[in-house]
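All ligand and atom numbering here is 1-based and tracks the order in the structure. What you are looking at is a predicted structure, and each value in this text was computed from that prediction instead of being measured.
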Amino acid sequence: MKIIAVTIKNTVRRSDVICRSGGEEFAAILPATDQPGIHRVAEKIRAAVCELDLTDIIDDYPLSVTIGVSDLGDHDMTNAMKRADKALYQAKEKGRNRVDSLFSQNDTVDNALLI
Ligand SMILES: Nc1nc2c(ncn2[C@@H]2O[C@H](COP(=O)(O)OP(=O)(O)OP(=O)(O)O)[C@@H](O)[C@H]2O)c(=O)[nH]1
């Protein structure tokens, strides 16, 4: 998991906050990032992790990354986590190695959350 964490950290801006949110899950908070930007970041992370060559390190290869995206439009972190988690679940249902999103009703999304 450490190499994944380092890869994510090296892929995003220094102002983005990455943390471990579960056994095989990370959460990222992306300040001042709009909806197209959020999808750009999620794809960057997905691609960077897919490009890792870990054949010598892990059995469960190739790796896939599934990402749920939400926003902090309603300034409620608990709700944002719930939305991102639901988006993650939807993405996994659709076949993994993909990005899905669930946004609040706020049109002016400018702070994002990824899981
Ligand atoms: N928070 C965040 N947003 C990003 C990042 N990379 C891209 N974006 C968003 O996606 C938009 C367009 O992406 P790019 O043109 O590929 O951005 P970039 O110049 O490679 O990345 P930046 O220099 O971080 O803006 C940017 O304006 C941001 O909103 C990132 O690492 N972190």
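- Lys94 NZ: more than 12 foreign heavy atoms inside a 6.0 Å radius.
- Annotation: side chain to side chain donor-acceptor pair (under 3.5 Å) contacts of Asp16 (sequence neighbours excluded): none.
- Listed by chain and residue number, the protein contacts of ligand 1 are Thr11, Val12, Arg13, Asp16, Leu30, Thr33, Gly37, Arg40, Val41, Lys44 (heavy atom within 4.0 angstrom).
- For the atom pair CD (Gln90) and CG (Asp100), the distance works out to 5.0 Å, reported to the nearest 0.5 Å.
- Checked against salt bridge (charged side-chain N to carboxylate O under 4.0 Å, His left out), Asp85 has no partners two or more places apart in sequence or in another chain.
- Here the side chain of Ser101 pairs no donor or acceptor atom with the backbone of Ser70 at under 3.5 angstrom.
- With sequence neighbours excluded, the residues satisfying side chain to side chain contact (heavy atoms under 4.5 Å, CB included) with Lys9 are Ile18.
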